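Shown next, in structure tokens, is the structure this report addresses.
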Number of protein chains: 2
Amino acid sequence: MEKKQKTISVTGVGIKDVARLAGVSPATVSRALSGGPVSEALRAQVEAAVRASGYRPNLAARRLRSQHSGTVGLVVADIRNPFFTGLSRAVEDSAYQAGMRVILCNTDEDPQREALYLRLMQEERVSGLIFAPTRASMSTLDQSSFEFPVVLVDRAATGVPFDAVVLDNRAAAAQLVNHLVARGYRRIGGLFGKTSITGAERRDGYVGAMQRHGLESAYRLVAPTAEAAYAEAAAWFAEATRPQALVVSNSLLLVGVLKAARAAGLCMPADLALAGFDNDNWTELVEPGITVIEQPVDDIGRSAMGLLFERLQEPQRPLRRVVLSGRCIVRGSTAVLETAVTGAVPQEAER
Amino acid sequence: MEKKQKTISVTGVGIKDVARLAGVSPATVSRALSGGPVSEALRAQVEAAVRASGYRPNLAARRLRSQHSGTVGLVVADIRNPFFTGLSRAVEDSAYQAGMRVILCNTDEDPQREALYLRLMQEERVSGLIFAPTRASMSTLDQSSFEFPVVLVDRAATGVPFDAVVLDNRAAAAQLVNHLVARGYRRIGGLFGKTSITGAERRDGYVGAMQRHGLESAYRLVAPTAEAAYAEAAAWFAEATRPQALVVSNSLLLVGVLKAARAAGLCMPADLALAGFDNDNWTELVEPGITVIEQPVDDIGRSAMGLLFERLQEPQRPLRRVVLSGRCIVRGSTAVLETAVTGAVPQEAER
DNA sequence: CTGAAAGCGCTTACAG
DNA sequence: CTGAAAGCGCTTACAG
């Protein structure tokens, strides 16, 4: 069983070998394998011949001939960022379910690598691309740069000429502010990443919500690393106007802020309340638990693949932008402020 | 600039178009692009024509003709496991540096999906495969199953007929035991995953080290999920023979144990010392910090790619097994036991 | 339903 | 160094 019939071919057993074995033409083998119109008798012969020979179709040949790569590209900043880890898993699952492959690339937010990988996508003739662009490159892009559909994820300015799946970042940030206000906090600061559009949108949401509550915004922008957040937070905590509560725009920054708070000897939430984004493992495990906005990564990945498929079927359809909501997971880091002015009713509901 | 010369071809601009534009043959374009022997004059003409036409080579055609896919497969259990996240990033970096692509597949430890993806690797005609097999499939595998080199990572029984890169799991587990003994603990239990060879090796290391110290082993095996670990640990903590310290074989189980300890109201390290594997973010951030063995994921990924390349260059070389050491990161979860019998000198050094 | 033939876009001996 | 020709392994009109 499973005897390896070494044929003359260097390449192993090909469709012609199977055809010979089954006593049919290569065309019939091809049809039988792709579910084409073949009589049951021949189909059975072909299947037997495939099993006997251990034949595996050559995908490079199939792609070249059929002009379908059956491949989608996924270009993100860094797979080690838990948001992208989850996203890539969701995209891969959707893709493999649809019988497609995924090519994953990490740009590290480097425009040069970004350009390199976009070029690669062209060379692979991907059927479509799911892309989380840097802010710089997003403005450069237009549809004519690509001969395949592109779906932006996570980062997409309103009005960009692409299908997109994003979180409602403004609403999510506002949700955190509302929650903090409801819990009695007033001097609420913000720390946002300055390189991605996501950080900017979350900042806008924060500023808007603070305004609606009649509170004064105080935010700072940092490079998207734990180290930068640590430095900025440490400096801030040393100032007289240190905030009572902090809204932080992603989990990397959150790590930096947490370490800075500990280094400064600040207790949560008594000395500092903390609220952020991404329901990473550690935000639950740390004491007293960090209040965060959880992003629906599975939905985001699935929706992105969905938009891609629909675009492939109907290239001329109007642009679509799927906006998903985050879920606020309340934990100990934003417990009710004990010195709260109980008379001050928040002007907006928590949700 | 960058004018899209739409040619008659449906497929976009091909090598023949470039050749016509440059006034040379397709063969010369091919040579110029692949760094073959071409005069400087013609090379410049070709480069200009490529720029002018926006030509991008079709990788499917190149692969079919050259019989090199320039692709390595990476088959792991789940990219969301932080060990595999780091590994995949390391492998991808090595691969892209060498001008190769990576195809990533998540098996979820499911033998059926494993078989499916191994078949896919054949169809892609990958140049090589980096593979973390389940225990079940590892015994099934032999070299003749593949027509490309395979390097096992993370999981590889001694004696398997493949190149492999693994952690010295026995030494690492022993290191944790030695450390706990040196800190004064004696009733040291173990919790190990039962599905992977890794868990078994770590258990062996634990048992051996306990024996050398003249201590009695007490370990339990569980399914590799946080839930299973939680259930088992919760039950154990309720028993009279509850351990003073616990060695846990991976970070998923560690999460379960930590939650169970908290639910049982056990303080670390006073009521329970904890030591595990994988220097995941949260092990540092949690109070009082968990002592763990850090795996050199970058080294593991790089070494695996290295073994693959060497095997491709020299198919007949003897099998190689690279065994890397973990680094013990000591944190508060294994602080000196205050009630330690100070007379009992550990029989082995901590390292 | 089936087969013979053409061709996807490249690379690579082969000959000069 | 250069070009004409063959061919990698498939799929797909085309004809029957």
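Proteins get letters first, then strands, A, B, ... in listed order; numbering begins at 1 in each. Bear in mind that the values here come from a model prediction, so they are computed numbers and not experimental data.
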Tell me which pairs pass salt bridge (charged side-chain N to carboxylate O under 4.0 Å, His left out) where either residue lies in residues 61-73 of chain B, with sequence neighbours left out.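 Qualifying pairs: A:E124-B:R63.
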
Look only at the side chain of [X] and the backbone of [Y], and say whether a donor-acceptor pair between them is shorter than 3.5 Å.
X      : Y      : value
A:D108 : A:D110 : no
B:Q45  : B:A22  : yes
A:R311 : A:R317 : yes
A:D17  : A:G14  : yes

Take atom [atom1] of [X] and atom [atom2] of [N], then tell me their distance rounded to the nearest Å.
X      : N      : atom1 : atom2 : answer
B:R20  : D:dG3  : CZ    : P     : 14 Å
A:R62  : C:dC10 : CZ    : C1'   : 20 Å
A:L59  : D:dC8  : CG    : C1'   : 15 Å
B:R63  : C:dC8  : CZ    : C1'   : 15 Å
A:Q67  : D:dT12 : CD    : P     : 10 Å
B:I15  : C:dC8  : CD1   : P     : 14 Å
A:E124 : C:dC10 : CD    : C1'   : 14 Å
A:K16  : C:dG3  : NZ    : C1'   : 14 Å

Partners passing salt bridge (Lys or Arg N to Asp or Glu O under 4.0 Å) against B:E40 (at least two apart in sequence or in another chain):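 Salt bridge (Lys or Arg N to Asp or Glu O under 4.0 Å) check on B:E40 returns B:R43.
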
When you measure from the side chain of [X], which nucleotide among [options] comes out closest?
X      : options               : answer
B:R125 : C:dG3, C:dT11, D:dC10 : D:dC10
A:A27  : C:dA4, C:dC8, D:dG3   : C:dA4
B:R65  : D:dA4, C:dT12, C:dG3  : C:dT12

Comparing B:S66 and A:P26 on DNA chain D - which has the more 5′ nearest nucleotide: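 That would be B:S66.
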
Which comes earlier along DNA chain D counting from the 5' end, the contact point of B:A61 or that of B:T28, where each point is its nearest nucleotide?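 Between the two, 5'-proximity favours B:T28.
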
Within a strict 4.5 Å, meaning less than it, do heavy atoms of the A:R135 and A:T195 side chains meet?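 The answer is no, as the side chains (C-beta and beyond) never meet within the 4.5 Å cut-off.
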
Taking only the C1' atom of each, what is the distance from C:dT12 to C:dG16 in whole angstrom?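 The answer is 16 Å between these two C1' atoms.
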
What are the residues of residues 31-47 of chain B, sorted by number, that bring a heavy atom to within less than 4.0 Å of DNA chain D?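 Here the set is B:R31, B:P37, B:V38, B:S39, B:L42.
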
Could you write out DNA chain C as dot-bracket? Rules: Watson-Crick or G-U wobble, both distances under 3.5 Å, brackets [ ] for crossings, | for pairs with another strand, dot for unpaired. |||.||||||||.|||

Provide the full list of side chain to side chain donor-acceptor pair (under 3.5 Å) pairs with a residue in residues 98-107 of chain B, sequence neighbours left out, each pair given once.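 Passing the test, one end in residues 98-107 of chain B: no pairs.
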
Mind checking ring pair (Phe, Tyr, Trp, His ring centres under 6.0 Å) for A:F309 and listing every partner two or more places apart, or none if nothing turns up?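 For A:F309 there are no ring pair (Phe, Tyr, Trp, His ring centres under 6.0 Å) partners, ignoring immediate neighbours.
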
